[in-house]
There are 2 protein chains.
Amino acid sequence: MFKNQITELLKIECPIIQAPMAGGITTSDFVAEVSNCGALGTIGAGYMTPSQIREQIREIKTLTNKSFGINLFVPNDFRVNENEISKSNDLLQPFNEDLNIKQNDRIQVQNFNSLNDTFHEQIKVIIEEGVPICSFTFGIPSKEMIKELKLHNIILIGTATTVNEAIEIEKSGMDLIVVQGSEAGGHRGNFLNENEESLIGLMSLIPQVVDQVSIPVIAAGGIMDGRGLMASLCLGAKAVQMGTAFLTCIESGAHEVHKNAILNSTEDQLVLTRSFSGKWARGIENKFITEMKKHEADLPEFPVQNTITQTIRKASSVQYNKEFMSLWSGQSPRLSKNESVENLINGIMGEAKKFFEIFSGKLS
Amino acid sequence: MFKNQITELLKIECPIIQAPMAGGITTSDFVAEVSNCGALGTIGAGYMTPSQIREQIREIKTLTNKSFGINLFVPNDFRVNENEISKSNDLLQPFNEDLNIKQNDRIQVQNFNSLNDTFHEQIKVIIEEGVPICSFTFGIPSKEMIKELKLHNIILIGTATTVNEAIEIEKSGMDLIVVQGSEAGGHRGNFLNENEESLIGLMSLIPQVVDQVSIPVIAAGGIMDGRGLMASLCLGAKAVQMGTAFLTCIESGAHEVHKNAILNSTEDQLVLTRSFSGKWARGIENKFITEMKKHEADLPEFPVQNTITQTIRKASSVQYNKEFMSLWSGQSPRLSKNESVENLINGIMGEAKKFFEIFSGKLS
């Protein structure tokens with residue numbers, strides 16, 4: 001009933017992908033459990049070193065023989081400016097005091113070399129370890145890289161926030177497109193309009209994309225249950241990618257403070273901020289976001305600002321203090337539950353099957 | 001197949017409401033045609049005088065014996081400040097030159113009296129003329145007014161952009177709730193958080209609202225075709241309200257320049273602006289929006305700024321110059337067509353019926 005091009009290509013039972021959330025959420029146990037339950041588990045490897053990636057891939061293979069995926073960030077061109085970094089460091093001083101951080105290592109320009117080299121090494125590990133599926137955020141890898149990955153039969157997934165980005169992804173030769181609506185939590189995946197956050201709701205974005213591309217589309221943003229899955233299928237997507245819904249699951253590696261913040265949040269508390277990383281992202285408003293709002297336009301770009309705020313985010317997390325953590329979440333926190341991955345997936349598929357019965361007149 | 005509480009209550013064949021677009025779009029012929037084709041035609045009467053309203057209601061009754069509705073703006077409290085008005089008038093001077101406007105009547109504070117009186121008179125006409133359905137934007141009418149309207153068996157529809165607004169509408173005793181997603185064109189209907197635009201995508205907003213209220217919900221924002229109708233029904237809405245899709249129809253009273261701008265636009269050209277009216281609204285970016293952006297935060301509130309920009313908008317429209325018109329549109333302009341109302345409605349219902357056949361296995 002839910003078999004289609006995507007489930008066939010990704011070798012999964014359910015048209016559901018666990019979003020590749022970066023920052024320690026996608027532990028091996030968690031990813032393997034998602035895949036073992038019939039959806040696609042994926043590693044959020046954007047911030048991981050090549051050796052960490054290799055280790056995790058090998059670990060997951062001991063935990064599941066099902067298909068799983070990995071996500072990388074395509075490095076962006078960014079300016080590094082000693083003066084900007086210094087100003088941003090200064091802005092964080094009051095928070096260091098709040099968190100009793102004695103001495104925040106001030107980030108230097110030389111910390112930002114060789115991101116392109118790292119990206120190439122990450123790709124090399126993925127090829128060597130034979131991960132079957134690789135998705136990308138923040139852009140499209142080079143022609144040569146795509147060719148190399150395809151030579152190794154790796155299925156490639158791009159991330160788009162506009163119709164034009166989707167068209168570019170199709171042109172690049174990738175196999176599938178994740179279409180990220182404005183509802184989505186975490187970082188915006190836009191890459192063509194660098195000054196725009198491309199905040200287009202899924203109700204508008206999915207049908208406009210599917211009319212313009214021929215490769216299958218995966219809907220992402222605010223989808224939490226069988227209603228969201230069925231709505232996405234009606235709009236023309238062939239599968240959904242869900243982040244927040246998986247993040248609060250019992251098995252996810254997200255911090256308890258982060259899980260609880262989402263479980264107790266409402267849709268009107270979600271805001272966009274670039275204060276944590278230099279790139280626009282959606283999360284629950286807290287003290288850090290509120291106080292940094294007035295400086296937001298002047299902060300360094302991603303990934304510079306992300307590195308600068310690392311110490312504060314880490315200290316906040318160690319202290320179970322939600323006020324300085326990046327509490328990423330999509331716009332549907334009221335629908336979040338703290339349940340097992342198995343219950344989440346079975347619940348979605350059960351709900352979705354009921355729709356078929358309703359539509360076919362077996363249920364009313 | 002599409003009969004439900006809403007179609008029964010509103011006495012319509014199709015679960016589709018033509019959004020009450022203000023500003024001359026909803027002519028009598030247009031509204032009557034929508035109702036004659038089985039959907040609900042509605043008058044966007046927010047800016048109309050009581051006598052204009054009376055005249056149009058009587059006219060529509062000669063053109064259809066089907067059910068139709070009307071929409072009013074609930075007056076907001078606003079400050080009027082001579083100095084702010086003067087500054088805003090000054091900002092418009094360069095545009096007056098662009099448009100060869102010799103002398104723009106400078107708006108005075110005394111222009112803004114008695115909006116509450118007008119609202120009461122509008123309501124009086126609606127009761128006297130026996131309009132069966134009345135919807136409200138920008139707030140909830142007083143308890144007394146709701147009681148009076150219900151005494152006359154008028155069905156009341158509120159507009160919400162967050163779960164809390166939907167809950168307040170239900171508490172007020174209204175019958176139905178239009179849930180406006182971030183995708184929607186024209187003015188944001190938010191009324192509880194005056195400083196927030198409540199930009200929540202429909203994929204998130206509909207299920208979170210239907211879980212918290214018991215009266216039926218109507219989805220609005222970016223919905224253009226059978227895919228959007230079916231997705232909305234899956235998410236828990238019982239009907240859809242569509243603005244942009246009707247605006248570009250042959251029979252709509254929208255300016256040709258406005259229709260063509262939408263027909264030739266793409267999703268990434270839609271922006272939010274408060275420069276036209278003092279209230280946030282979504283439209284196609286043009287010279288006026290671009291140039292006013294830097295002043296946006298300092299402009300007078302709705303409806304003051306709306307009155308101030310009237311001369312410019314009118315001159316631009318007379319001159320077929322799209323650069324100074326408010327080209328409101330939702331986020332799905334690529335799905336817009338210049339077709340008859342009948343074709344639009346039949347097309348949507350035809351597409352939606354196909355979904356039932358697909359889901360029930362009769363089509364694959």
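These numbers come from the heavy atoms of this one structure, side chains and all, not from hydrogens, waters or symmetry mates. Chain letters run A, B, ... following the sequence lines, proteins first and then strands; every chain starts at 1.
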(request) Considering non-hydrogen atoms only, spot the tightest contact between Glu267(B) and Ile200(A) and give its length. (result) CG-CD1, 3.3 Å
(request) Locate the shortest heavy-atom distance separating Leu235(B) from Met203(A); write the atom from each residue and the value. (result) CD1-CE, 4.2 Å
(message) Testing the basics here: between Gln331(A) and Ser204(B), what is the closest heavy-atom pair and its distance to 0.1 Å?
(response) CB-OG, 3.3 Å
(request) Enumerate the residue pairs fulfilling salt bridge (Lys or Arg N to Asp or Glu O under 4.0 Å) with a member in residues 212-224 of chain B, sequence neighbours excluded, ordered by first and then second residue. (result) none
(request) Tell me, out of Gly222(B), Gly201(B), Gly236(B), who's got the most heavy-atom pairs with chain A below 4.5 Å. (result) Gly201(B)
(request) Using non-hydrogen atoms and a 4.5 Å limit, figure out which bit of Leu199(A) sits close to chain B: side chain, backbone, both or neither. (result) backbone
(request) Only counting residues at least two apart or in another chain, list the ones meeting side-chain contact (heavy atoms from CB on, under 4.5 Å) with Ala245(B). (result) Met224(B), Met242(B), Leu344(B)
(message) I need the minimum non-hydrogen distance between Cys234(B) and Cys234(A), along with the two atoms involved.
(response) SG-SG, 3.7 Å
(message) Under 4.5 Å from any heavy atom of chain A, what part of Ser198(B) do you find: side chain, backbone, both or neither?
(response) neither
(request) Considering non-hydrogen atoms only, spot the tightest contact between Glu183(A) and Leu202(B) and give its length. (result) OE2-N, 3.8 Å
(request) Name the region of Ser232(B), side chain, backbone, both or neither, that has any atom closer than 4.5 Å to a heavy atom of chain A. (result) both
(request) Heavy-atom pairs under 4.5 Å with chain A are the metric here; pick the option from Pro333(B), Gly330(B), Gly221(B), Ala352(B) that has the most. (result) Pro333(B)
(message) Does atom CD (Glu296(B)) have a neighbourhood of more than 12 heavy atoms from anything else shown, all under 6.0 Å?
(response) yes
(request) Begin with the C-alpha distance, continue with both residues' side-chain angles, and end with the deciding distance and a verdict on side chain to side chain contact (heavy atoms under 4.5 Å, CB included) for Gln212(A) and Arg334(B). (result) CA-CA 10 Å; Gln212(A) 302 292 331; Arg334(B) 292 181 192 255; 4.2 Å; yes
(request) Give every residue pair that meets the side chain to side chain donor-acceptor pair (under 3.5 Å) criterion with at least one member in residues 215-228 of chain B, sequence neighbours excluded. (result) Asp211(A)-Arg227(B), Asp225(B)-Arg227(B)
(request) Output the residues of residues 284-291 of chain A for which the shortest heavy-atom distance to chain B is under 4.5 Å, in residue-number order; output 'none' if no such residue exists. (result) none
(request) Could you grab the distance from atom CG of Asp268(A) to atom CD of Glu165(B), nearest 0.5 Å is fine? (result) 9.0 Å
(request) With a 4.5 Å cut-off on heavy-atom pairs, point out which of Pro207(B), Ser182(B), Gly226(B) contacts chain A the most. (result) Pro207(B)
(message) Is Val209(A) in contact with chain B via its backbone, its side chain, both, or neither, using a 4.5 Å heavy-atom distance?
(response) neither
(message) Heavy-atom count check: over 12 atoms from other residues, nucleotides or ligands less than 6.0 Å from Lys259(A) NZ?
(response) yes
